[in-house]
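Reviewing the structure listed below.
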Amino acid sequence: EKGGWASFMAKEVSEQPEAVANTIRGRIHDGQVVIPELDGLDDLFLGINRVIITACGTASYAALVGKYAIEQWARVAVDVELAHEFRYRDPVIGADTLVVSISQSGETMDTLMAVKYARERGARTLSICNTQGATIPRESDAVVYTHAGPEVAVASTKAFSAQITALLLLGLHMGRVRGSVADASTDVDELSALPDKIARVLADENEHVSQLAGWMADTRSVLFLGRHVGYPIALEGALKLKEISYIHAEGFAAGELKHGPIALIEPGQPVFVLVPSPRHSALVHSKVVSNIQEIRARGARVIVIAEEGDAAVLPFADEVIRIPLAGAMFEPLLAVVPLQIFAMALATAKGLDVDQPRNLAKSVTVE
Ligand code: M6R
């Protein structure tokens with residue numbers, strides 16, 4: 001079952017190149033993204049003026065990446081709502097709203113109830129799910145399956161990567177249908193290159209990041225900073241660490257630092273910073289580099305995740321983890337990998353059960 005791996009989580013982290021490749025397979029035709037399951041359902045994307053993505057936990061962080069991608073490509077407003085918050089207020093939704101739900105198991109009760117609620121209110125519903133025939137897809141107008149394969153470890157890893165992949169595909173599919181993406185060829189090339197790039201991060205950084213985690217086994221708190229699509233990855237890095245290593249961890253939008261969290265920085269505080277490529281936006285990159293300078297000046301121990309060749313981070317980083325060059329929307333799939341490895345190695349260094357963390361179940365089927 002575990003096939004020689006120390007844990008299911010280790011196995012599933014290593015399976016991410018295939019999880020992403022399998023999710024893309026059959027969905028690219030003539031240089032365009034065409035999701036066959038959505039054939040004949042163009043009205044889902046044309047008759048709407050708003051998208052709400054609803055999910056819980058890790059799936060809600062995939063949703064946040066999806067917000068950036070769908071807004072950019074499909075030019076429609078996207079909000080992300082935690083499923084358990086969504087249905088306990090009186091959301092303004094109707095026939096002009098597409099509610100996209102994301103669930104690995106397809107059985108999460110909070111998410112299922114949000115989908116049912118959205119339908120009752122007349123919204124259109126589409127689910128992204130990893131489990132064939134699960135309840136949530138059965139309750140939805142349409143489904144886009146992720147093909148990550150069965151995920152056993154409680155901490156979600158390959159399903160998360162497959163969810164982001166499905167959202168990128170959905171964004172490009174919607175963009176084509178809505179006429180806002182005329183030429184998807186660069187993005188399609190980026191998608192196709194992802195599995196190999198993820199494999200490279202796994203091969204090149206596994207030892208380095210595991211070593212780093214080993215040195216930090218006594219750490220009591222770790223912070224994660226990101227900007228743009230790096231922000232949800234910071235949240236995901238923090239959740240992984242909380243779940244399996246029981247260490248206090250928080251993710252922040254880097255720009256939010258000066259509005260409060262910077263007060264937490266004291267000498268020796270470990271902070272992971274996700275640095276977006278300067279090729280995407282020199283301005284955004286320089287803002288993150290100045291965030292690094294600000295926390296470094298206050299004694300933070302800065303662990304940077306940056307693309308190969310980005311030398312601007314070197315003077316201010318205690319550790320640099322490298323990821324291959326990728327388009328802005330595709331970077332999260334590379335940057336999340338070292339964070340998964342870090343959480344896993346830290347839990348292992350503490351002698352914890354990586355696959356079965358305390359107090360948690362793989363599928364949360366109660367509200
Ligand atoms: O099966 P789902 O994707 O609906 O599960 C949602 C969350 O419960 C899940 O992602 C949870 O946060 C994981 N344990 C994260 O690692």
Side-chain angles (χ1 to χ4, degrees), residues 7-13 15-16 19 23 53-66 80-87 99-116 118 125-140 143-167 224 232-247 249-251 332 336-337 339-344 346-347 352-367:
S7 62
F8 279 106
M9 185 174 176
K11 175 172 180 273
E12 288 158 8
V13 164
E15 287 170 346
Q16 290 180 107
T23 301
I53 316 181
T54 191
C56 302
T58 285
S60 77
Y61 303 144
L64 276 171
V65 176
V80 174
E81 302 254 11
L82 291 167
H84 36 87
E85 288 294 321
F86 174 60
R87 73 179 269 269
V99 173
V100 176
S101 62
I102 309 177
S103 176
Q104 187 286 128
S105 61
E107 303 295 343
T108 298
M109 188 57 76
D110 287 319
T111 310
L112 172 62
M113 296 312 274
V115 172
K116 285 189 171 174
T125 54
L126 182 154
S127 66
I128 293 177
C129 183
N130 196 46
T131 312
Q132 294 281 333
T135 312
I136 293 172
R138 281 193 275 116
E139 290 286 337
S140 308
V143 53
V144 175
Y145 281 108
T146 47
H147 296 293
E151 192 179 63
V152 177
V154 166
S156 184
T157 54
K158 64 174 181 172
F160 176 70
S161 293
Q163 284 161 355
I164 294 180
T165 306
L167 284 158
F224 297 80
I233 300 306
L235 298 174
E236 171 64 1
L239 180 64
K240 286 288 90 87
L241 200 59
K242 285 178 224 185
E243 278 192 295
I244 61 167
S245 71
Y246 316 150
I247 289 176
E250 266 193 272
V336 74
V337 175
L339 301 183
Q340 297 165 338
I341 297 172
F342 179 74
M344 204 163 48
L346 199 50
L352 299 170
D353 182 342
V354 168
D355 288 335
Q356 293 286 345
R358 67 186 181 199
N359 308 340
L360 291 171
K362 179 66 184 161
S363 184
V364 185
T365 51
V366 290
E367 269 191 275

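Order of listing sets the numbers, starting from 1, for every ligand and every atom in it. Worth saying up front: this structure is predicted, and the values here are computed from it rather than measured.
A donor-acceptor contact closer than 3.5 angstrom is absent between the side chains of Ser363 and Glu107.
Distances below 4.0 Å separate heavy atoms of Gly57 from the following atoms of ligand 1: 12 (O). With ligand atoms numbered from 1 in the order given, ligand 1 contributes 10 (O), 12 (O), 15 (C), 16 (O) to contacts under 4.0 Å with heavy atoms of Thr58. For ligand 1, the atoms closer than 4.0 angstrom to any heavy atom of Lys240 are 15 (C), 16 (O). Each of the atoms 15 (C), 16 (O) of ligand 1 lies under 4.0 Å from some heavy atom of Ser156. Residue Val154 approaches ligand 1 through these ligand atoms, each under 4.0 Å from one of its heavy atoms: 13 (C), 14 (N), 16 (O). Listed by number with element, the atoms of ligand 1 under 4.0 angstrom from any heavy atom of Ser103 are 1 (O), 2 (P), 3 (O), 4 (O). Residue Ala155 approaches ligand 1 through these ligand atoms, each under 4.0 Å from one of its heavy atoms: 16 (O).
Rounded to the nearest 0.5 angstrom, Glu81 CD and Arg87 CZ are separated by 13.5 Å. For the atom pair NZ (Lys11) and OG1 (Thr157), the distance works out to 10.5 Å, reported to the nearest 0.5 Å. The distance from atom OG of Ser7 to atom CG of Asp355, rounded to the nearest 0.5 Å, is 4.5 Å. The line from CG of Leu112 to OG1 of Thr54 is 11.0 Å long, rounded to the nearest 0.5 Å.
When only interatomic distances are considered, the shortest N/O to N/O separation between Glu243 and ligand 1 falls below 3.5 Å.
Between the Glu12 side chain and the Val152 main chain, a donor and an acceptor come within less than 3.5 Å of each other. Between the side chain of Asp110 and the backbone N or O of Ala83, no donor-acceptor pair lies under 3.5 Å.
The protein atom (non-hydrogen) at minimum distance from atom 2 (P) of ligand 1 is Thr108 OG1, 3.2 Å. Atom 3 (O) of ligand 1 has Gln104 N, 2.6 Å as its closest protein atom, hydrogens excluded (heavy atom only). Remark: minimum distance from atom 8 (O) of ligand 1 to any protein heavy atom is reached at Val364 CG2, 4.2 Å. Remark: minimum distance from atom 1 (O) of ligand 1 to any protein heavy atom is reached at Ser105 OG, 2.7 Å.
Taking 4.0 Å as the cut-off, Cys56 counts as a neighbour of ligand 1 on heavy-atom distance.
Identified under the salt bridge (charged side-chain N to carboxylate O under 4.0 Å, His left out) test for residues 146-161, with sequence neighbours left out: Glu15-Lys158, Glu151-Lys362.
Within the 4.0 Å heavy-atom criterion, neither part of Lys362 lies near ligand 1.
In this view, Ala238 and Phe224, Lys242, Ala249 satisfy the side chain to side chain contact (heavy atoms under 4.5 Å, CB included) rule, not counting sequence neighbours.
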